[in-house]
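Computed from heavy atoms alone, side chains included, the values below leave out hydrogens, waters and symmetry copies. Ligands are counted one by one from 1 in listed order, and the atoms in each one are counted from 1 as well. Since this is a predicted model, take the numbers as computed values, not measurements.
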Amino acid sequence: MRRFALICACFATASAAQLPLMPAPSKVTRYEGALRIDSGFRVVLTAYSDSRLMGASDRFAAHVAAQTGIPVTAGKALTLQVDCKERGSELPTLGDDESYQLDTTSREISLKSRTVTGALRGFATLEQLIEPGPDGFQVPAVRIQDGPRFPWRGLMLDAARHWMPVAVVKRNLDAMEAVKLNVFHWHLSDDQGFRVESRRFPRLAQLGSDGNFYTQVEIRQVVSYAQERGIRVIPEFDVPGHTTSWLVGYPEFASLPGPYAIARKWGVFQPTLDPSRETTYAFLDAFIGEMAALFPDSYFHIGGDEVDETQWKRSGSIQAFAREHQLATSHDLQAYFNQRLQKLLKKHGKAMVGWDEVLSPGLAPETIIQSWRGQASLAQAAIEGHGGLLSFGYYLDHLWPAGQHYGVDPLDGAAGNLTAEQTKHILGGEACMWSEYVSAETVDSRIWPRAAAIAERLWSPRETRDTDAMYARLANVSRMLEWRGVRHRSALEPMLSRLAGGPVPQPLWTLAGASEALGIEGRRNLRENASLEPLNRFADAVRPESDEVQALEVMVKRMASEPAAITELRANLTQWSLNEIRLQPLARNNSLLSEVLPLAANLSRCGKIGLRALELIEAGHSAPAGWVQEQNRELDRLEEPVAQVRLAAVRVVRALLAAVPSPAAASVTPQTLGNASVRWGNERLRNSAATVPNWIFEMARSMIAPN
Ligand code: ACM
């Protein structure tokens, strides 16, 4: 039985850029033809083989079955030949060879790699190539030669502020594998929770976690699950600050006497380990020894960020210690602490990773600096001979649009001036998912699909920078991740249904699709500011970036050439215009819905402005003098956040207003179009005319009547 059937090469060859691959490979050659995926297929491991590769090939088959709905049965026909030369390092290791070559023709598929990890990366690409075609599912004929730009491509997950059960971690590891991220940085302790069982120091988790912590058995399972997927696991135990939860069970290691209680608010807190006492180092020695055995990677993250010096200043014994050791400032005291810690890590076979606050003279050269406060520290780390990771610009909790993260490159800014030798120290970066306003239920939608844009920035050649093309591919990845069990899209329906107390009514869907959740900056100091506050509101349900609005923005681009786009836009604007009146009866006696009624009112107003703009565009009539400006001012008002949500629909209407014929048409400039916001976010666009994409000018010019 033939597993992949040959089909005729009767469809047009698309350009490589259109292949729905993310991260985009370094080199793609497209050929005529495609291989049809028939019922079942077989993966043949023609060279090196081991349990990890066999496991990966089984997972690949399962993913293909899920994606296509075609049951995969073991068959004899030769289908996918995997020619892997050797195992590679026993455990995923920094600098592993992850390159591969994939050849698909209308007859067969071949995947070549030097290492098992390279083969895994090839499987991930192949899955993304599967598409519906004229005769069913198919794989287009291509040659792909690919390898990563940076060796360290991470996702940090904060399991301390909100608890993230093992199932959440595992499905996010699956998603990481799909987009070729290779480091899972697990933030395991903070003021609000200590999340790992320690047998040496049981009160850490017993008293510091509200009962939510990973057992050692679970940690081993996750580490092994990640290893199978070519992902390293780096634990972070943040010291000496951010340690309130440690001190609940062990106040004797604090800089001032306790008692201590788990922090319930967000922010930077005073409880800090005592750097002046030998007992602190004896404790850390034993603790790190225990954790070093659980986490096999040779790197270990010690945090080191945001140390509040209050306790150190108030402690007479710490001040005496500082004087005795000539440690003039709290930064010097922290540097002393870090150096002591570094010796302990070395004793247990680990190199240190720390946030950029740890950068100071005297650090061992193998220390890696993770820059979160700016790009300058990344360059400084490289100049001083340390490895550097960029996370500034990759903070997912800010809920930036994917395109904004995508625009940040580890070699931008000060790192752009490094010598070739210094540049080698820039190892990559990490997307960071801090969890102040993120729960196990919402975390997937706060990570995905936006983290895929960062994954591409870190894997693909630097020249891969076209944001529109990225968005087109991101939509495909987002859909694919659903098949891997990630709940970034599917969690929306039950969360909205919970708000409605029944099936999700259409106006609520409409409002959710027109809205985007605000990130941490927009939620600070608002009603909920505590870890026990539920994250069950409309702002928690809606996504950071609206696919619906994005699709409508594309329609605005196309409306000059596609009459159907106008029809579609009108239908949506009409729905928007009716939102308030339709939602009102549903919100009666429902506080969770009532809080979004002002948002619904804004959406209705927005829809009405859009409908009027569309009328003028269709009729080719110019707007009355000052009308467009007046409407844009109104949109400024409608864009003000309500219930921690931003009305994304405003962007569509702004783009329509920019296309309304006006007497000033002939003098369209980036400045006049500065408000025609697209997906990059309003401030960026207003502040920088250079970021207004060409299509806006072209569309506006083409649509503006000559009068
Ligand atoms: C950090 O965001 N404090 C590393």
Face-on cation placement of Arg277 at Phe253 ring, 6.0 Å and 45° thresholds:
no
Handout entry: His185 ring center near Trp355 ring center (under 6.0 Å)
Key = yes
Per-pair distances, 0.1 Å, donor-acceptor, side chain in residues 393-400, under 3.5 Å, sequence neighbours excluded:
unit_1: Tyr394; atom_1: OH; unit_2: Val408; atom_2: O; d: 2.6
unit_1: Tyr395; atom_1: OH; unit_2: Trp434; atom_2: NE1; d: 3.3

Exactly one of Phe287, Phe201, Phe269, Tyr260 clears ring pair (Phe, Tyr, Trp, His ring centres under 6.0 Å) with Trp246, and that residue is Phe287
Q. Any salt bridge between Asp210 and Arg264, counting N to O under 4.0 Å?
A. yes
### Task
Kindly say whether Gly241 contributes a backbone atom to a donor-acceptor pair with the side chain of Thr272 at under 3.5 angstrom?
no
Less than 3.5 Å apart, N/O on ligand 1 and N/O on the protein: could you list those pairs with the distances?
unit_1: ligand 1; atom_1: 2 (O); unit_2: Tyr395; atom_2: OH; d: 2.5
unit_1: ligand 1; atom_1: 3 (N); unit_2: Asp305; atom_2: OD2; d: 2.6
unit_1: ligand 1; atom_1: 3 (N); unit_2: Glu306; atom_2: OE1; d: 3.2

